[in-house]
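Computed from heavy atoms alone, side chains included, the values below leave out hydrogens, waters and symmetry copies.
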Amino acid sequence: MELKLNRPICFFDLETTGIDIGKDRIVEIAILKVFPNGNKESKTWLVNPTIPIPKQATEVHGITNEKVANEPTFDKLAATIHNMIKDSDLAGYNSDRFDIPLLAEELLRAGVDFDMKSRVSVDVQTIFHKMEERTLSAAYKFYCGKTLENAHSATADTDATYEILTQQLERYPELNNDMKFLSEFTTRKKIADFAGMIAFDKDGDEIFTFGKHKGAKVDKVLDTEPGYFSWIQNADFPLYTKKVLTAIKLRKLNTK
């Protein structure tokens, strides 16, 4: 089935030095641009990340420090990559939570302004998760290889949930066997920035999700403690978080 497009859409994927959006770097980027008339354009770049590629990352994607030693750094490719995607919507697999946030950090770090205001994103992983059965019985069958008897019995469901978690920890070595880690890993909320440091409350207002002002409305904090803005801007926070905070501050100034 052909996609019905009003504008181009860029499917893209990143290989990286790790999964820390604020600190890790791209080592490979591939983009498939699909145009409304059905034409396609494909580009792939290896990238020198300027930081060492950890062994565990190389074990995943096969890209070594030696392989990218003579490749261009991202700041040399940023303008070309931005020109390819700037008129397009974006799509990927788990792209909303990883690829788009990390790409945004790299572009902003290279001095290329980037936001999602004039485009939409399609995360194919989310479609998969929403369309395929995600019941407890299906998870029990997938992870444990057994049929869940007496489904929707509280005791059976509780025992199955425990067994599923133990099997998930066996299956996915990247999951830490630590409840705080697992709590954070499984928590999703509506966020204003990619890193989840600024979220929305029930009124739709931005709130901080960390530090001494956790849960406080951002605009109120900017009024009562203006130095907090400067502290975040000068500290080691993701660039996109700083960009969102700046936009909130400018919005406040424009409404006065």
Geometric class of the H213/F208 ring pair [parallel <30°, tilted 30-60°, perpendicular >60°]: tilted
Could you tell me whether a side-chain N or O of [X] sits under 3.5 Å from a main-chain N or O of [Y], the two making a donor and an acceptor?
| X | Y | answer |
| --- | --- | --- |
| K242 | Q233 | yes |
| R119 | I85 | yes |
| D201 | D203 | yes |
| K33 | M84 | yes |
| T16 | R25 | no |
| D89 | I9 | no |
| E206 | A192 | no |
| D99 | D13 | no |
| S95 | A91 | no |
| D115 | K117 | yes |

Is it possible for you to say whether [X] and [Y] belong to one hydrophobic cluster, with membership spreading through side-chain heavy-atom contacts below 4.5 Å?
| X | Y | result |
| --- | --- | --- |
| L5 | L90 | no |
| M116 | L239 | yes |
| L14 | V122 | no |

Min side-chain heavy-atom separation K141-T147 under 4.5 Å: yes
Side-chain touch F11/K40, heavy atoms, less than 4.5 angstrom: no
Chi angles and distances behind the side chain to side chain contact (heavy atoms under 4.5 Å, CB included) call for Y240, L107: CA-CA 10 Å; Y240 201 85; L107 287 169; over 6 Å; no
For S121, all residues meeting side chain to side chain donor-acceptor pair (under 3.5 Å), sequence neighbours excluded: D96
Pair K212-E225, salt bridge (Lys or Arg N to Asp or Glu O under 4.0 Å): steps then yes or no: CA-CA 12 Å; K212 64 179 182 179; E225 191 178 340; 2.9 Å; yes
Salt bridge present between R97 and D123 (N-O < 4.0 angstrom): no
Under-4.0 Å salt bridge between D75 and R109: no
Residue from T58, I53, N48, L46 passing side-chain contact (heavy atoms from CB on, under 4.5 Å) with K67: L46
